[in-house]
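Notes to accompany the following structure.
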Amino acid sequence: MLRYAASRLFRAILTIWIAVTVTFFLLRLLPADPTLLVVEGDMTPEMQDALRSQYGLDKPILQQYVLYLGQLVQGNLGVSFRQLIPVSDLLLNRLPWTLLLAGSAFVLTLLIGIPLGVKAAVGRGGMVDRAVQFFGITSNALFIPSVAILLLVVFGSNLGWFPIGQAIDPDTRGLAAYGSLLHHLALPLFSLVLVQLGPYALTLRTNMVEVLGEDYITSARSRGLTHRRVVWRHALRNAVLPALMLMGLQLGTLIGGAVLTETVFAYPGVGRLIFESVQQLDFPVLQGAFVILAVTVVLANLLTDLLSMVLNPRIRT
């Protein structure tokens with residue numbers, strides 16, 4: 001068991017290093033001089049050279065890479081070229097909103113997808129089963145920004161049922177603040193759940209159909225166990241593991257979808273910060289944001305692997 005956990009931890013660290021490396025070199029290929037963003041007006045060549053030296057941009061790219069890795073290990077993500085404040089401070093202000101959005105979508109997908117997949121498998125061939133299959137195939141083909149824009153135009157702009165932009169009304173206090181928070185969260189959350197729910201429910205439904213045909217399920221029924229206990233305790237326990245691993249693998253898609261959704265709804269998370277930083281060519285903020293998102297996805301997949309090991313004893317060997 002420890003060997004399995006150690007191998008997964010090593011793979012997670014290797015994945016993070018690869019993500020950091022790719023991000024660093026891709027951003028250096030952008031056709032722009034970041035020193036031009038630090039000051040306003042015309043700059044003399046001497047000023048440009050001084051700024052490049054201050055930010056270490058005058059050094060060879062491999063030396064910049066080694067210095068960046070050293071700073072990253074120490075928790076230093078650099079300083080924003082545009083706002084001239086630590087990148088970590090910017091990310092700490094935005095990251096909770098992204099985690100709220102992506103985490104809520106993850107939990108809501110599980111709470112709705114599990115009963116829906118079980119219901120479709122138990123009533124195989126029925127109306128619910130056909131609806132889940134159709135919804136699963138259809139939603140898997142949806143593009144998150146397209147869904148977000150459609151919801152924004154219909155329910156936000158035309159009907160005016162939900163607010164456009166921000167995450168909470170600044171003037172609200174107490175319970176009204178929580179209501180405002182949920183009101184602003186509704187459309188971005190629904191956009192993510194709508195795209196993620198179908199494939200998850202369909203996968204669980206397929207797993208449940210296979211498990212319900214196993215010999216041990218027939219044996220459990222022959223012992224007089226109730227239908228509810230057979231389905232929810234015996235069948236679901238074995239069918240939910242592949243679906244749980246699928247959700248872990250899809251977490252990267254969920255985080256990426258949250259980034260796109262935040263951009264559409266002007267939701268003040270890391271995704272919106274990335275959009276603003278791309279417009280401003282603020283390299284340190286882009287690097288820091290990509291690193292944080294990569295670490296979040298890798299750690300979530302690592303936790304999924306470890307949880308699978310706990311739920312499935314066969315993995316331990």
Side-chain angles (χ1 to χ4, degrees), residues 12-102 166-167 252 255-300:
I13 295 174
L14 180 62
T15 303
I16 292 174
W17 172 72
I18 293 175
V20 169
T21 302
V22 171
T23 299
F24 178 87
F25 286 102
L26 280 180
L27 290 177
R28 293 306 185 278
L29 295 176
L30 293 178
D33 186 354
T35 57
L36 299 176
L37 303 173
V38 182
V39 299
E40 297 180 358
D42 298 331
M43 290 190 307
T44 63
E46 291 77 12
M47 293 173 59
Q48 294 185 24
D49 292 339
L51 285 172
R52 290 191 181 96
S53 177
Q54 178 182 349
Y55 289 101
L57 299 174
D58 58 334
K59 297 180 174 62
I61 189 169
L62 290 179
Q63 188 175 352
Q64 293 183 41
Y65 172 67
V66 173
L67 292 174
Y68 177 69
L69 288 182
Q71 294 175 350
L72 196 62
V73 171
Q74 300 174 14
N76 181 9
L77 296 176
V79 178
S80 168
F81 286 161
R82 173 63 68 178
Q83 303 184 48
L84 302 181
I85 61 176
V87 174
S88 57
D89 293 345
L90 290 172
L91 293 174
L92 287 177
N93 290 332
R94 301 292 189 99
L95 187 59
W97 296 111
T98 298
L99 293 179
L100 174 64
L101 176 59
Q166 299 184 339
I255 295 294
V259 169
L260 297 173
T261 303
E262 289 173 2
T263 303
V264 173
F265 289 99
Y267 193 80
V270 176
R272 184 66 182 181
L273 180 63
I274 291 175
F275 176 75
E276 296 168 355
S277 300
V278 168
Q279 291 182 316
Q280 300 170 355
L281 295 178
D282 200 340
F283 294 170
V285 177
L286 287 174
Q287 285 181 164
F290 290 146
V291 167
I292 292 298
L293 292 179
V295 170
T296 301
V297 173
V298 171
L299 290 180

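Please read these numbers as outputs of a predicted model, since none were measured by experiment. Positions are given from 1 along the sequence.
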For [X], what residues pass the side chain to side chain contact (heavy atoms under 4.5 Å, CB included) criterion, not counting sequence neighbours?
X      : answer
Phe275 : Thr263, Arg272, Gln279
Leu100 : Trp97, Ser104, Leu181, Leu185, Tyr267
Val66  : none
Ser277 : Leu273, Asp282, Val285, Leu286

Main-chain N/O of Val270 paired to Glu262 side chain as donor or acceptor, under 3.5 Å: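 Between the backbone of Val270 and the side chain of Glu262 there is a qualifying donor-acceptor contact (under 3.5 Å).
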Residue pair Ser80 / Leu90: nearest heavy atoms and the distance that separates them: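 Nearest heavy atoms, Ser80 then Leu90: CB-CD1, 3.9 Å.
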For the student: nearest non-hydrogen atoms of Tyr65 and Trp17, plus distance: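 Scanning both residues completely, I find the closest heavy atoms to be OH-NE1, 3.0 Å.
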Residues which pass side chain to side chain donor-acceptor pair (under 3.5 Å) with Gln71, listed by chain and number, not counting sequence neighbours: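 With sequence neighbours excluded, Gln71 shows a side chain to side chain donor-acceptor pair (under 3.5 Å) to no residue whatsoever.
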Nearest 0.5 Å, please: how far is [atom2] in [Y] from [atom1] in [X]?
X      : Y      : atom1 : atom2 : value
Leu299 : Thr15  : CG    : OG1   : 10.5 Å
Ile16  : Thr21  : CD1   : OG1   : 11.5 Å
Phe265 : Leu101 : CZ    : CG    : 9.5 Å

Leu72 side chain reached by Leu77 side chain, heavy atoms, under 4.5 Å: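 Yes - at least one pair of side-chain heavy atoms lies under 4.5 Å apart.
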Side chain to side chain contact (heavy atoms under 4.5 Å, CB included), paired with Leu91, selected from Val291, Ile292, Thr98: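 Checked Val291, Ile292, Thr98 against Leu91; only one passes side chain to side chain contact (heavy atoms under 4.5 Å, CB included): Ile292.
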Results of ring-ring contact (aromatic ring centres under 6.0 Å, His included) for Phe290 - residues two or more places apart only: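 ring-ring contact (aromatic ring centres under 6.0 Å, His included) list for Phe290, sorted by chain: empty.
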